[in-house]
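Report on one structure; see the data block that follows.
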Number of protein chains: 2
Amino acid sequence: MTEAERDRLTPRQRAVLECALELLVAGGERALTTAGLARAASCSKESLYKWFGDRDGLLAAMIAHQASKVRGFSDMGETMDRERFRAHLLGFARDLLEVLAGDVSLALNRLAIGQASREESPLGRLLVAQGRRRIDRSAKALLEAGRKAGLINFSDLDDAYRTLYGLIVRDLHVRMLLGEGGLRRPEAFARQAEQAVEQFFVLFGVREMAGE
Amino acid sequence: MTEAERDRLTPRQRAVLECALELLVAGGERALTTAGLARAASCSKESLYKWFGDRDGLLAAMIAHQASKVRGFSDMGETMDRERFRAHLLGFARDLLEVLAGDVSLALNRLAIGQASREESPLGRLLVAQGRRRIDRSAKALLEAGRKAGLINFSDLDDAYRTLYGLIVRDLHVRMLLGEGGLRRPEAFARQAEQAVEQFFVLFGVREMAGE
DNA sequence: ACAGAACCGTACCGTACGGTACTGATGGAG
DNA sequence: CTCCATCAGTACCGTACGGTACGGTTCTGT
């Protein structure tokens with residue numbers, strides 16, 4: 001997916017998409033007009049339509065472009081002990097909070113949610129598929145590794161992952177999407193990540209054996 | 001707040017707001033035009049502007065109107081034993097999931113999130129204040145009652161409540177907002193509510209004494 | 001050097017929407 | 001009966017946006 005997009009799009013087009021993201025972040029969907037983008041990116045409207053088809057195509061390209069920038073987690077072939085596993089979970093929690101609180105992420109999620117009512121343009125599906133799935137996959141792989149190492153236990157991987165997600169994010173995402181201020185403080189994120197991982201271990205952790 | 005709104009608005013105006021909510025649910029924000037609402041509600045655009053000022057005023061009135069319909073939980077003066085408390089938590093969890101999955105709730109949240117970028121129209125703030133706050137308050141009262149009865153323990157009420165919220169809702173709200181299908185199945189909600197309450201007790205429950 | 005493509009800037013068109021003004025009908029008060 | 005307020009229906013205006021067309025310029029390959 002990443003390579004296909006990187007092959008299909010010229011650097012110029014990627015720069016235009018980057019500019020479109022900036023406009024979207026700055027002023028929301030209403031600020032992202034074809035004329036405005038053409039002016040801001042110093043290109044012609046005609047080029048925009050030639051490259052992306054129509055406005056919906058532009059929005060989809062923006063989502064795909066942003067998703068192509070997000071790097072998945074490493075595949076961790078190393079042996080897993082308790083502290084290492086905890087550290088990985090903590091890193092995942094911190095990264096997740098940081099990603100969700102990012103300007104571009106919030107703007108794109110607002111855009112997709114705003115378009116969710118229109119049945120004909122499934123931007124939400126696209127966003128979930130391109131943005132969330134790879135995060136989910138790596139996190140689930142992490143949990144599976146922890147289970148195989150005997151550090152945690154669960155019957156349903158998907159269920160355990162979603163519990164972890166809920167403990168980390170709570171209602172923070174929706175409140176940020178609603179524009180509530182004073183929510184994006186990095187030190188609060190770090191604290192919240194630690195607490196969530198702690199709670200996750202209480203729920204799913206395997207008690208350490210005395211002789212081990 | 002409820003009485004003030006019920007005094008200020010005539011039944012006719014409330015019917016118009018109800019009609020506006022239906023339009024919003026049916027077609028999203030783009031379907032809610034002043035001309036369309038006037039036609040659907042059989043009133044004139046001039047009346048709309050006289051009653052609500054402008055379009056933003058109409059949207060705010062819709063949120064206030066919808067919030068005025070939501071009934072808070074009862075104040076429970078009764079004595080609290082373990083089973084009763086658990087039942088109350090379960091009821092809260094089920095109600096919360098049902099409310100968040102409601103058509104009107106989703107449509108209004110999408111609307112507020114879509115407007116969140118515009119700094120000058122704080123619909124998100126309004127929605128949180130009118131819709132969420134009363135849910136939060138009653139739930140916190142419930143948790144406080146459980147703590148006073150020695151059934152659960154926590155150091156920070158707000159923190160405990162948000163953990164409960166996260167366990168119940170997880171990422172379901174955002175995914176519904178994004179338009180993901182196949183998520184709104186009542187039996188899944190009931191199951192999820194039970195599991196969340198169970199997990200909440202594991203995290204915050206006080207161990208039952210043998211002699212009690 | 002030259003031909004052709006790509007592209008920028010701008011002008012243009014149709015439409016849709018927010019908001020206002022006007023007209024006629026209805027209904028209640030004196 | 002008459003006056004007045006309210007309101008439905010409609011016509012209208014200005015604006016903004018999506019999408020298209022065109023003239024002029026720059027880049028590229030030969």
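In what follows, every chain begins at residue 1, and chains take the letters A, B, ... in the order their sequences are listed.
Rounded to whole Å, the distance from CG on D56(B) to P on dC17(C) is 17 Å. Atom-to-atom, CG of L59(A) to C1' of dC17(D) comes out at 14 Å; the value is rounded to the nearest Å. One interatomic measurement links the two molecules: CD of E46(A) to C1' of dA5(C), which rounds to 12 Å at whole-angstrom precision. Taking atom NZ of residue K45(A) and atom C1' of nucleotide dG18(D), one finds them 6 Å apart after rounding to whole Å. dT15(C) atom C1' lies 12 Å from atom CZ of R30(B), rounded to whole Å. In this structure, K50(A) places its NZ atom 10 Å from P of dA5(C), rounding to the nearest Å. Separating the CG atom of L58(A) from the C1' atom of dG19(D) is a distance of 13 Å, rounded to the nearest angstrom. The distance from atom CZ of R55(B) to atom P of dT20(C) is 15 Å, rounded to the nearest whole Å.
Nearest to the side chain of S44(A), among dG9(C), dG9(D), dG19(C), sits dG9(C). Looking at the side chain of T33(A), the nearest of the listed nucleotides dA8(D), dG19(D), dG18(D) is dG18(D).
A residue-by-residue look at L32(B) and A38(A) shows that A38(A) has its nearest nucleotide of DNA chain C further toward the 5' end.
A salt bridge is absent between K140(A) and D136(A): the closest approach of a Lys/Arg side-chain nitrogen to an acidic carboxylate oxygen does not fall below 4.0 angstrom.
Considering only side-chain N and O atoms, R12(B) lies under 4.0 angstrom from the phosphate OP1 or OP2 of dA8(D). Note on W51(A): every side-chain N or O is 4.0 Å or more away from OP1 and OP2 of dA6(C). Of the side-chain N and O atoms in T34(A), one or more sit less than 4.0 angstrom from OP1 or OP2 of dG18(D). When the side-chain nitrogen and oxygen atoms of S47(A) are compared with OP1 and OP2 of dC8(C), one or more of them lie within a distance under 4.0 Å.
The structure places CD of Q192(B) at 8.0 Å from CG of L172(B), a figure rounded to the nearest 0.5 Å. Going from atom CD1 of I63(B) over to atom CG of L17(B) covers 11.5 Å, rounded to the nearest 0.5 Å. A distance of 8.0 Å separates CZ in F204(A) from OG in S155(A), rounded to the nearest 0.5 Å.
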Check against side-chain contact (heavy atoms from CB on, under 4.5 Å), D171(B) and I168(A) = CA-CA 10 Å; D171(B) 64 343; I168(A) 294 171; over 6 Å; no

